[in-house]
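Notes to accompany the following structure.
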Amino acid sequence: SKRFLQMLLPGPGRQREDSPAGGAARIFSKKTLSWRLLGEAYSSQLSVDEQRSVFRLAFRMWSEVTPLDFREDLTSPGATVDIKLGFGRGRHLGCPRVFDGSGQEFAHAWRLGDIHFDEDEHLTLPTSDRGISLLKVAVHEIGHVLGLPHTYRTGSVMQPNYTPQEPAFELDWSDRKAIQKLYGSCQGSFDTVFDWIHKERTQYGEVRVRFSTYFFRKSWYWLYENRNNRTRYGDPSRIQAGWRGIPAQGIDAFVHVWTWRRDERYFFKGHRYWRYDSDQDQALTQDQQGRSYPELISQGFPGIPSPLDAAYFDRRQQQIYFFKEALVFAFDVNRNRVQSSYPMRMTEAFPAVVPHNHPVRAIDAAYYSYAQGSLFLFKGDAYWRVLNHRARQDNARLPANGLLPKRPISGAWPDICDVHSSTLNM
Amino acid sequence: EMLFHSRDHSDLEPSPLHRAKPIADLRAAQRFLSRYGWSVPSAWAPSPKQLPEAPVGTALAEAVRRFQHVNALPASGELDAATLAAMNRPRCGVPDTRLPPPAAPSTLTPTPALLGSSTPQSLQPKAR
């Protein structure tokens with residue numbers, strides 16, 4: 001009876017009605033949700049650590065595509081835990097729905113509430129090719145808790161019937177959009193964004209170039225798969241794990257000086273910068289010219305202030321553009337000095353195409369995209385695209401380096417979502 | 001304990017006492033359709049005793065037809081072996097609340113008939 005009342009009268013942070021019309025979707029109204037595997041309801045088929053690990057991954061998979069995040073809570077009073085999970089058979093855990101034994105029903109969930117798994121089922125780890133994947137069932141039931149109904153759409157995790165887990169089980173595009181319809185898409189600013197160039201030799205000795213797009217925020221980062229319009233499965237990861245030797249958080253800028261003679265990659269933070277060795281996949285302590293790292297920005301780039309807001313390398317002009325506050329500095333890498341006409345106000349160097357539609361100062365990142373052949377300036381959850389050569393050829397009246405009106409970052413690079421910090425090391 | 005022989009428990013066998021009763025007849029099928037929201041737009045009932053009324057007659061045939069349609073089965077409205085097998089598949093216990101609209105029936109069937117052999121064995125679900 002208590003559970004029935006709980007379903008009708010959810011506590012604070014639990015319920016929000018999206019529409020006054022009948023049948024409004026009810027969803028959680030807070031961003032971080034707590035969960036716990038009940039101590040009195042462990043499965044005897046897997047170790048407790050295995051069960052918790054599977055649930056942690058299941059929650060994280062939803063967190064990677066929504067503005068929600070989930071943390072395991074082992075200490076708070078049970079009544080304050082948002083989602084409780086447990087295993088039972090037949091009449092179980094005070095639940096009014098009775099499990100039917102092995103076969104047919106394998107689990108159920110209460111919207112905005114708890115999840116129960118039928119202990120009479122052979123629930124297995126994701127790596128097993130037998131039984132029913134606990135991960136897939138958990139992801140499905142969490143979908144219900146968050147407010148999703150069943151669907152018969154092929155490929156959806158919310159199909160009512162169980163299908164064996166695929167080798168690469170993930171939430172597909174439609175499941176993402178379904179949950180984002182309830183909770184919105186992920187927003188937020190970034191510290192730096194850049195394309196990382198990989199150079200390879202083919203079997204014929206030709207040099208082939210590939211690039212990967214990275215978004216950095218605080219102490220974590222994502223690889224963005226442009227062809228799939230999403231981040232790499234399993235991201236974000238900690239900067240420390242993927243980029244050895246650079247600061248663990250709060251990167252200000254990244255620059256790749258790439259000319260016929262030079263191939264140098266730099267990370268900037270505070271008053272210092274680091275040079276990164278892509279072959280060894282770690283920051284250099286000393287380069288071939290004898291320069292030690294980290295180095296002061298004022299030493300390596302005379303005339304450039306610090307800390308910086310953003311930076312990028314213009315390959316055509318062979319200049320690094322450094323951004324700080326309302327100013328932009330153009331640094332000639334061949335002469336190793338700031339161009340004489342700089343610094344310039346950002347509004348002057350990159351004039352607004354639509355009046356007053358301009359970041360003006362303190363941008364977060366400057367990103368040159370090889371995929372789109374354009375420069376983007378990021379600030380908050382918006383970006384401004386800089387007119388490139390091609391665009392001006394079509395319309396010469398547009399100002400050189402003009403900024404097109406701002407748009408949301410999540411529109412061009414969707415689904416870059418935070419996860420709870422406790423799950424960053426998964 | 002549930003019986004197993006492998007080190008990794010991968011061959012775990014549930015006790016016969018703990019096996020779900022197969023959906024093998026009209027009554028069980030009616031309960032299935034009612035339980036998972038195929039008969040009437042049902043709320044998530046707090047107690048099994050308050051399940052929505054099980055569908056009968058034309059309503060049952062219509063419910064069966066809709067179930068068959070979404071499960072890519074011939075929408076005959078009849079409880080054939082394939083339909084019962086679909087009902088016996090492992091599934092989530094949450095009702096299917098958003099149901100597809102009813103399809104126009106090709107013929108009126110007052111009472112659905114169980115097809116196939118009359119012996120219960122022919123309607124047994126396949127082993128998982």
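In the text below, chain A, chain B and the rest are named by the order of the sequence lines, each starting its count at 1. FYI, side chains are in, hydrogens and waters are out, and symmetry mates aren't considered; it's all heavy atoms of this structure.
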Task: side-chain hydrogen bond (donor to acceptor under 3.5 Å, both in side chains) partners for A:Asp100, two or more places apart - done: none
TODO: Identify which part of A:Glu141 has an atom lying under 4.5 Å from any heavy atom of chain B, answering side chain, backbone, both or neither.
DONE: side chain
- [ ] Could you tell me whether the side chain of A:Arg97 and the main chain of B:Gly93 form a donor-acceptor pair under 3.5 Å?
- [x] yes
- [ ] Go through the structure and list residues passing side-chain hydrogen bond (donor to acceptor under 3.5 Å, both in side chains) with A:Ser43, not counting sequence neighbours.
- [x] A:Glu119
TODO: Name the region of B:Ala86, side chain, backbone, both or neither, that has any atom closer than 4.5 Å to a heavy atom of chain A.
DONE: backbone
TODO: Against chain B, work out which of A:Thr163, A:Asp118, A:Asn161 has the most heavy-atom pairs shorter than 4.5 Å and name it.
DONE: A:Asn161
- [ ] For residues A:Ile132 and B:Pro90, report the shortest heavy-atom separation together with the two atoms involved.
- [x] CD1-CB, 4.1 Å
- [ ] State, yes or no, whether a side-chain contact exists between B:Asp96 and A:Tyr152 at a heavy-atom distance under 4.5 Å.
- [x] yes
TODO: Would you name the heavy atoms of A:Gly103 and B:Ala20 that are closest together and state the gap between them?
DONE: O-CB, 3.6 Å
- [ ] Kindly indicate whether the side chain of B:Cys92, heavy atoms from C-beta on, has any atom under 4.5 Å from the side chain of A:Met158.
- [x] no
- [ ] Verify, without hydrogens or angle tests, whether A:Gln104 (side chain) and B:Lys21 (backbone) share a donor-acceptor contact under 3.5 angstrom.
- [x] yes
Open item on the list: Any non-hydrogen side-chain atom of B:Tyr36 less than 4.5 Å from a side-chain atom of A:Glu105?
Closed with: yes
Task: B:Arg91 side chain reached by A:His108 side chain, heavy atoms, under 4.5 Å - done: no
